[in-house]
Amino acid sequence: MNIRDRYAPSPTGLQHIGGIRTALFNYLFARSQGGKFLLRLEDTDRSRFDESFVQNLYDTFNWLGIRWDEGPDNGGSFAPYIQSERTEFYKQYAGELLNKGAAYYCFCTSERIEKIRQEREAAHSGESGYDRHCRDIPPEEAARRKVAGENYTIRLKIPLGETTCFHDHLLGDIEWKNDDVNPDPVLLKSDGFPTYHLANVVDDHLMEISHVLRAQEWLSSTPLHVIMYKSFGWTPPEFCHLPMVMGQDGKKLSKRHGATSIDEFRRQGYLPEALLNYIALLGASYEEGRDIFTLSELEQRFSLDKLNKAPAIFDYKKLEWYNGQYIRMKSDAELAALCLPYAQSAGLFGGAGTEPTAQQRDIFTAAMPLIRERLSFLHEAPEKIAYLFSEPALAAAEEFIPKKLDRAAAITLLRLGRELAGPMAKMPDDEQAENFIKEQAEKNAVKLGDLMMPLRVAITGARVSPPLFGSLRILGAERSLQRIDRALQFLEQ
Ligand code: GLU
Ligand code: ZN
């Protein structure tokens, strides 16, 4: 069997976690099976369509590094992959259902439909959907009214009194009484555009889709789709409805929980690898006790049997953890390149937006080992290493004074630190600097921590900072001594 699946978004909003999860699972499934993954734009809801959402879709997948084998931008043998360019097909197939007696013309005005809805609501009847008013209009009469120019839609004629069965890979065998299915929904609207149901089924068939992996919110449409496949005489694809993605409170993930659009995650300094890795685990488990998988590992490991039935809980903390892990895997140069835009707009190299000089760029790259372990997000980088680019504000005097000591002692310690800083700034690695300062602390009978603390505050401006030895090395002897002298002058006042 040729495995073919698809991501079929309606470009009516930004790409968000739920959509990307659907896309990623389809992508991984196709890859794991040596199949094909398609992108199809379901843009038939023209009132909610916006070209910027299409651009957002391309930008998002570009950034994530996920490619489809066939799609609107790269083509394929089933083109076009944009539903608004396929309206002739839908008209043709709606016509086919009419000829088979599996669909019918409906001449109800939207006023009539609305009136029924209101009457039912007032009567608390609990009924919803169309009342099948036009279901039995004789074909000749319908043809006459159509020719006379009456507006019409085409509706599916659901065979009543029957039961529709289908198999869902995750949920098992599902039965649905036809009488409970959305009553005779519209297939072709009065403007000639198809509804989601018609276009989706026709295209999945024409594009030879073998597997439909989609969010569970579409499950209630599936009986309808299966009825349509049967009416056409087509074999339905295999279905697998993916568990919902929930927030920690068990409600469907939404803006209330935090960022949901990929744009937002991107702006916040998440890495695409981290996001993909985490999303791949939303509702699936691959290997006991293992969290980190590269995309190509996931491509090999993915299988429908590894999906969970239970809803997936989106945990922002866990995603943050992933981000930190992927940041740690970056080389200095890679990480610097990723953080640089944030540093530039934060004004690290001059006014906001100023580009770094070659020397600043070198310092920036050299600083990456100092902060790599301390970053959860890329945007945190500039603030953490700002002291390497401009002199930090002088800390308050108390900050320089180690526990149980006084200002005079702090001054003595910082003077000793001043003697050591020059040589340490020239040592090639942390280990050498550390051995050296330890020795000197012992020799001078002071605690290592007490010796380092005022020195750290003088150099970095704070008690808690990136590693001292690396900072001295990057600043160099001269700039380090300037900072120490400034601090001494201040403390000695
Ligand atoms: N256009 C639908 C959506 O926006 C596709 C659902 C499906 O995969 O069938 O998600
Ligand atoms: Zn009607």
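The basis for the numbers below is simple: all heavy atoms, side chains too, and nothing from hydrogens, waters or symmetry mates. In listed order, ligands and their atoms are each counted from 1.
With no hydrogens or angles considered, a side-chain donor-acceptor pair links Asn277 and Tyr326 at under 3.5 Å. Side chains of Arg4 and His211: no donor on one and acceptor on the other come within 3.5 Å.
Aromatic ring centres of Phe37 and Phe29 lie farther apart than the 6.0 Å criterion allows. The ring of Tyr7 has its center closer than 6.0 angstrom to the ring center of Phe61. Aromatic rings of His197 and Tyr90 (six-membered ring for Trp) have centroids beyond the 6.0 Å cut-off, not under it.
Listed by chain and number, residues touching ligand 1 at under 4.0 Å (heavy atoms only) are Arg6, Ala8, Ser10, Glu42, Tyr196, Asn200, Arg214, Trp218.
With sequence neighbours excluded, the residues satisfying salt bridge (Lys or Arg N to Asp or Glu O under 4.0 Å) with Lys330 are Glu273. In terms of the salt bridge (Lys or Arg N to Asp or Glu O under 4.0 Å) criterion, residue partners of Glu150 (sequence neighbours excluded) are, by chain and number, Arg145.
Distance check: Leu242 CG to Glu217 CD gives 10.5 Å after rounding to the nearest 0.5 Å.
Taking 2.8 Å as the limit, the number of protein N, O or S atoms around the Zn ion (ligand 2) is 4.
Salt bridge Arg112/Asp131: present, at least one basic N to carboxylate O contact under 4.0 Å.
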